[in-house]
Participant: 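Take a look at this one; I'll ask things after.
These numbers were taken from a predicted model, which means no experiment stands behind them. Proteins come first, then strands; the chains are lettered A, B, ... in the order of their sequence lines, and each starts at number 1.
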Number of protein chains: 2
Amino acid sequence: MPKNRNISMAVIRRLPKYNRCLRDLLDKEIYRISSKELSGILGFTASQIRQDLNNFGGFGQQGYGYNVEELHHEIQKILGLTKDYNAVVIGVGNLGQAIANHTNFEKHGFKILAMFDINPTLIGLQIRGTPVYDMKELAEFINENKIEIGVITTPKEVAQSVAEELVEAGIKGIWNFAPVDLKVPEDVVVEDVHLNESLFIMSYLIKEQEMLKSLGDQED
Amino acid sequence: MPKNRNISMAVIRRLPKYNRCLRDLLDKEIYRISSKELSGILGFTASQIRQDLNNFGGFGQQGYGYNVEELHHEIQKILGLTKDYNAVVIGVGNLGQAIANHTNFEKHGFKILAMFDINPTLIGLQIRGTPVYDMKELAEFINENKIEIGVITTPKEVAQSVAEELVEAGIKGIWNFAPVDLKVPEDVVVEDVHLNESLFIMSYLIKEQEMLKSLGDQED
DNA sequence: TCAGAATTTTAAAACGACGTGACAAATAAT
DNA sequence: ATTATTTGTCACGTCGTTTTAAAATTCTGA
């Protein structure tokens with residue numbers, strides 16, 4: 001029975017980690033686990049794990065721990081992974097194609113039904129089974145095929161206007177790979193994958209590590 | 001003059017946003033900005049922006065604000081973007097190819113010199129200018145070409161062993177796209193891009209949004 | 001089978017990190 | 001010279017994590 005009293009984003013961002021960890025455990029045919037053992041695997045404190053899980057209900061049992069199968073199922077439910085999602089990709093560049101062809105997403109219930117672009121040489125093609133349509137057909141396709149998720153892999157210059165088209169067509173979530181902060185109504189979910197930012201942060205951390213190292217050398 | 005007293009990760013993750021924002025301002029030929037104006041653009045509070053920037057030095061001037069050009073340059077320095085990085089991609093799948101071909105990274109000083117795989121049909125090919133070599137040559141290539149960054153786009157099963165090879169060869173940072181938590185020595189930087197997790201979080205948020213909406217309908 | 005010890009979760013309290021608000025000091029504008 | 005603007009900084013409040021104490025269950029050995 002979910003308690004569901006305003007879960008913080010910090011907790012939500014850990015849920016997929018729990019999910020993956022539990023699936024790995026099932027693969028290894030481990031059917032019972034304590035927060036302490038999970039802590040060893042995940043690197044979070046046992047206490048945090050217990051508190052995280054307790055946000056959604058008392059899935060554990062004192063003196064026993066957690067039933068892996070049950071907990072995995074619960075987290076799948078919490079994450080909304082027990083249903084399928086239909087998606088489209090906007091922008092048939094390298095990244096767009098890679099995502100459309102990435103079979104892994106389909107395994108988890110995310111089906112990419114079509115790609116859209118404005119480039120006439122691409123429109124009409126099938127890229128490994130996924131058709132490429134004209135942007136003009138986007139709204140109609142979304143409505144007719146119950147598309148819930150739009151993936152934006154366009155150049156940054158057009159990302160906002162694409163987002164607006166998607167919103168207009170009634171999309172529920174936008175998976176945004178363009179390096180811009182999209183402005184959408186608050187009932188539309190945006191999840192950003194900012195590769196540049198990720199790379200820059202790595203750059204910072206490498207630089208910092210170098211500094212630490214050269215400092216250590218001096219002090220020896 | 002950087003103060004650099006243990007900057008928190010929360011601050012670091014905002015730095016690329018400042019960087020992008022400032023570049024956009026320069027494009028618009030805006031050379032002066034206050035924290036209040038930045039706040040309007042970025043959505044952070046003016047107070048947070050001032051405090052963030054102050055971690056690294058007093059870049060602003062009272063009564064005036066910040067010089068966009070200077071601030072941009074400072075943040076580039078902080079992020080370590082004033083130098084170039086050599087990188088290799090391990091795993092010539094859809095994603096690996098997309099990243100190797102993504103010209104955007106090169107613009108920011110990240111040069112992908114080669115890709116590596118174990119698939120004999122790929123080895124020896126050039127994929128849009130980037131050569132594909134045998135994994136056996138990885139360590140040698142890293143040493144000879146001063147490679148600092150390794151990008152892992154392999155299947156998850158081999159990601160850890162690839163990481164170990166990279167570490168052994170003296171890599172400084174790993175940009176990891178495989179859905180595993182890599183174990184590396186603490187002087188090696190790992191920056192994860194977990195696409196599955198990002199997608200699952202979106203799934204959660206969509207589900208939650210739907211719940212909110214149906215709740216709202218009832219209460220009307 | 002039963003009692004006691006060990007394990008482990010739950011819940012609450014303490015602690016710490018982070019973000020916000022307020023104010024003094026400095027500069028710019030008039 | 002005076003007023004308006006704006007940063008730098010510190011104090012406070014909020015949010016997130018860790019510690020602690022209590023309760024429930026399992027495990028052990030006779």
Participant: When the distance from OH of B:Y66 to C1' of C:dA28 is rounded to whole Å, what number comes out?
Facilitator: 16 Å
Participant: Indicate the ring-plane relationship of A:H102 and A:F105, choosing parallel, tilted or perpendicular according to the 30° and 60° boundaries.
Facilitator: tilted
Participant: Using the rule salt bridge (Lys or Arg N to Asp or Glu O under 4.0 Å), only one of B:R13, B:R14, B:K17 pairs with A:E197; which is it?
Facilitator: B:K17
Participant: Just how far, in rounded Å, is C1' of C:dT9 from CD of A:E37?
Facilitator: 14 Å
Participant: Between residues 38-47 of chain A and DNA chain D, which residues have a heavy-atom gap below 4.0 Å?
Facilitator: A:T45, A:S47
Participant: Any chance you could list the contact pattern along nucleotides 22-30 of chain D? Use B for base contacts, S for sugar-phosphate-only contacts and - for none, protein heavy atoms under 4.0 Å, 5' to 3'.
Facilitator: -BBBSS---
Participant: Taking CD from B:Q51 and C1' from D:dC12, how many angstroms apart are they, rounded to a whole number?
Facilitator: 12 Å
Participant: Between A:M9 and B:S34, which is nearer to the 5' end of DNA chain D once each is assigned its nearest nucleotide?
Facilitator: B:S34
Participant: When you measure from the side-chain N and O atoms of B:N54 to the phosphate of D:dT7, is any distance below 4.0 Å, counting only OP1 and OP2?
Facilitator: no
Participant: Start with the C-alpha gap between A:I75 and A:L53, add the side-chain angles, then the distance that decides, and say whether side chain to side chain contact (heavy atoms under 4.5 Å, CB included) holds.
Facilitator: CA-CA 9 Å; A:I75 289 182; A:L53 298 177; 4.0 Å; yes
Participant: What integer distance in Å separates A:N67:CG from C:dT9:P?
Facilitator: 13 Å
Participant: May I have the distance from B:Q48 (atom CD) to D:dA11 (atom C1'), rounded to whole angstrom?
Facilitator: 17 Å
Participant: Identify whether the distance between the nearest side-chain nitrogen and carboxylate oxygen of A:E210 and B:K83 falls below 4.0 Å.
Facilitator: no
Participant: Send over the distance from B:D52 CG to D:dT7 P, rounded to a whole Å.
Facilitator: 13 Å
Participant: With heavy-atom distances below 4.5 Å as the criterion, would you say the side chains of B:Y85 and A:I206 are in contact?
Facilitator: yes
Participant: Scan side-chain atoms only and decide if B:Y204 and B:E208 contain a donor-acceptor pair under the 3.5 Å cut-off.
Facilitator: yes
Participant: Any donor and acceptor pair, going by atom type alone, linking the side chain of B:N101 with main-chain N or O of B:Q97 inside 3.5 Å?
Facilitator: yes
Participant: In this structure, how many angstroms lie between the P atom of C:dT9 and the CD atom of A:E70, rounded?
Facilitator: 13 Å
Participant: Could you tell me how the ring of B:F110 sits relative to the ring of A:F200: parallel (under 30°), tilted (30 to 60°) or perpendicular (over 60°)?
Facilitator: parallel
Participant: For B:S34 and B:E37, test the side chains for any donor-to-acceptor distance below 3.5 angstrom and give the result as yes or no.
Facilitator: yes
Participant: Please state whether the phosphate of C:dT9, meaning OP1 or OP2, lies under 4.0 angstrom from any side-chain nitrogen or oxygen of A:R50.
Facilitator: yes
Participant: Specify the residue among A:R14 and B:S35 whose closest nucleotide of DNA chain D lies further upstream toward the 5′ end.
Facilitator: B:S35
Participant: Measure from CG on B:N55 to C1' on C:dA17 and round the result to the nearest Å.
Facilitator: 13 Å
